[in-house]
Number of protein chains: 2
Amino acid sequence: MSSDHLVAPADATNLPIARLTLHEQIVTRLRDMVTDGSLPSGQRINEVAVGEQLGVSRTPLREALKTLAGEGLIELVPGRGTVVRKFTLQGVADALEVLKALEQLAAHRACAKATDAEIEMVLNLHRRMMDCYAARDRLSYFKLNQAIHSAILEIAGNPTLARMHQMLQAQMKRIRFIGNERAEKWAGAVAEHEAMAAALAARDGAALAVLLGQHLDNTLERVRDAL
Amino acid sequence: MSSDHLVAPADATNLPIARLTLHEQIVTRLRDMVTDGSLPSGQRINEVAVGEQLGVSRTPLREALKTLAGEGLIELVPGRGTVVRKFTLQGVADALEVLKALEQLAAHRACAKATDAEIEMVLNLHRRMMDCYAARDRLSYFKLNQAIHSAILEIAGNPTLARMHQMLQAQMKRIRFIGNERAEKWAGAVAEHEAMAAALAARDGAALAVLLGQHLDNTLERVRDAL
DNA sequence: AGACTGTGGACTGTATGCAGAATTGACGCA
DNA sequence: TGCGTCAATTCTGCATACAGTCCACAGTCT
């Protein structure tokens, strides 16, 4: 047997291979199902039905539901199971307010400590996002948008901050997704992103924080009638 | 039979009786066990052992562990179970930084919209806490301290904000508890609380935010050698 | 007719059982 | 003595089984 088999194949990274438990996989699947609407908000989740649909037993499914409840995506009603959380306008406003505080903190930190390579990476994401806007590719735009915000949070280098942000972002994902449907709203968001990219390139944390704040304030307006 | 038996006994409230699932009870028990140190940080959790200790089977216990993992109190290691999360100095600093952002947001909101009764309620907690300090009752002081911070978060009237704050506060609880052991540190914290109470009484959100920020910055120093 | 009560089915909450991965400790070897 | 290997044991991950709760519908009584 040639020793080639002992070295990593060409496409392998050196990262430890992902050891996903069933529980974790279910968590991400359910998160996606909430985002894409196959689990409508307010819907009661039937454990046996969803379990069969995903091909898993109730045990890991229930564990996943507990995790998602901790993230605030669903709610546990004792004796009556779980329902997908329903957002009121006020609830969204509240969440966006917290998101704003977190992202502004991240903005200051990120601008202060980002390497040139990291900034270039974000700007690259931004350019690709703009291409998607030009092509009116809403789904790709949306994913890159989230990636940019997450990247800034990563660069800030505060794992706790990143965790909290991800939780909130997951909650808002569904609503934001339906939010940018109207063309003029989308255009507005794009303009804001241009300004934010410029502030980041200039490492102007204060300016970036202000722009992020405005962006999120406007987000509330954009998603207003998506409820 | 006298109709007296049909009315509620003297000590009964009219609130719906708390329907706690086993899962929820286990969550709070485990949280306490992490705080009081009976589950030392870094310790690997043996499901059968802890299950027997609490008198529950592994299923609800595992569900509780998933919840706590979502809160960041413990970590799930695939194939190897769960361990109580270990904090580095940097990790605590990161968490306190986020806590600061959240509490400052809450400070502004709370000062803006609190009723007189709510402010009086917090000031009352504060006075009771000072009594505990005078009596050197560390445990009661500690609980009232947490209660004050939580109360301000409640008054802010943003459930999402309150949720995030509670998660972080739960993480820091253990460390803070060992933090105030030295008398001079305790005195410093007390002085800061006096100033914060005054700012709240004056409904000066900006001042309260600044004071909270300093308080948390100092908290980091106070807990520094508790790691 | 309307309201209340009892019963059956469905679903959640908890316990237990089983298979596979991980750890420990002994043993052999250098 | 130190290190690597391998087997036994322990523990986790998942599935299944059982028990208790909720809900809807039908029957009964006023």
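Letters A, B, ... are given to chains in the order of the sequence lines, protein chains preceding strands, and every chain is numbered from 1. The basis for the numbers below is simple: all heavy atoms, side chains too, and nothing from hydrogens, waters or symmetry mates.
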Asks: Show me the pairs that pass side chain to side chain donor-acceptor pair (under 3.5 Å) and involve residues 97-108 of chain A, at least two apart or across chains.
Replies: E97(A)-R109(B), E97(A)-N158(B), K100(A)-D217(A), E103(A)-H149(A), E103(A)-H165(A)
Asks: Quick one: side chain to side chain donor-acceptor pair (under 3.5 Å) partners of E120(B), sequence neighbours excluded?
Replies: R127(B)
Asks: Does some side-chain heavy atom of Q25(A) sit less than 4.5 Å from a side-chain heavy atom of V56(A)?
Replies: no
Asks: According to side chain to side chain donor-acceptor pair (under 3.5 Å), who are the partners of T28(A), at least two apart in sequence or on a separate chain?
Replies: none
Asks: In a table with atom names and distances, give each donor-acceptor pair under 3.5 Å that connects a side chain of residues 44-55 of chain A to protein atoms at least two apart or in another chain.
Replies:
from: R44(A); atom 1: NE; to: R80(A); atom 2: O; distance (Å): 3.2
from: N46(A); atom 1: OD1; to: V48(A); atom 2: N; distance (Å): 3.0
from: N46(A); atom 1: OD1; to: A49(A); atom 2: N; distance (Å): 3.2
from: E47(A); atom 1: OE1; to: R58(A); atom 2: NE; distance (Å): 3.0
from: E47(A); atom 1: OE1; to: R58(A); atom 2: NH2; distance (Å): 2.9
from: E47(A); atom 1: OE1; to: R62(A); atom 2: NH1; distance (Å): 3.4
from: E47(A); atom 1: OE2; to: R62(A); atom 2: NH1; distance (Å): 2.9

Asks: What nitrogen or oxygen pairs link the protein and nucleotides 8-11 of chain C at under 3.5 Å?
Replies:
from: dC11(C); atom 1: OP1; to: N46(A); atom 2: ND2; distance (Å): 3.0

Asks: Contact list please: residues 52-64 of chain B against DNA chain D, heavy atoms, distance less than 4.0 Å, in numerical order.
Replies: R58(B), R62(B)
Asks: Only counting residues at least two apart or in another chain, list the ones meeting side chain to side chain donor-acceptor pair (under 3.5 Å) with D131(B).
Replies: none
Asks: Which pairs pass salt bridge (charged side-chain N to carboxylate O under 4.0 Å, His left out) with one or both residues in residues 22-35 of chain B, sequence neighbours excluded?
Replies: R31(B)-E71(B)
Asks: List for me each residue that meets side chain to side chain donor-acceptor pair (under 3.5 Å) alongside S57(A), sequence neighbours excluded, and say none if there are none.
Replies: none
Asks: On DNA chain D, reading 5' to 3', which nucleotide is the first and which the last to sit with an atom under 4.0 Å from a heavy atom of chain A, could you check?
Replies: dC14(D) to dC23(D)
Asks: Could you tell me which residues satisfy ring pair (Phe, Tyr, Trp, His ring centres under 6.0 Å) with F87(B), sequence neighbours excluded, listed by chain and number?
Replies: none
Asks: Apply side chain to side chain contact (heavy atoms under 4.5 Å, CB included) to A151(A) and list each qualifying residue two or more places apart in sequence or on a separate chain.
Replies: V122(A), L125(A)
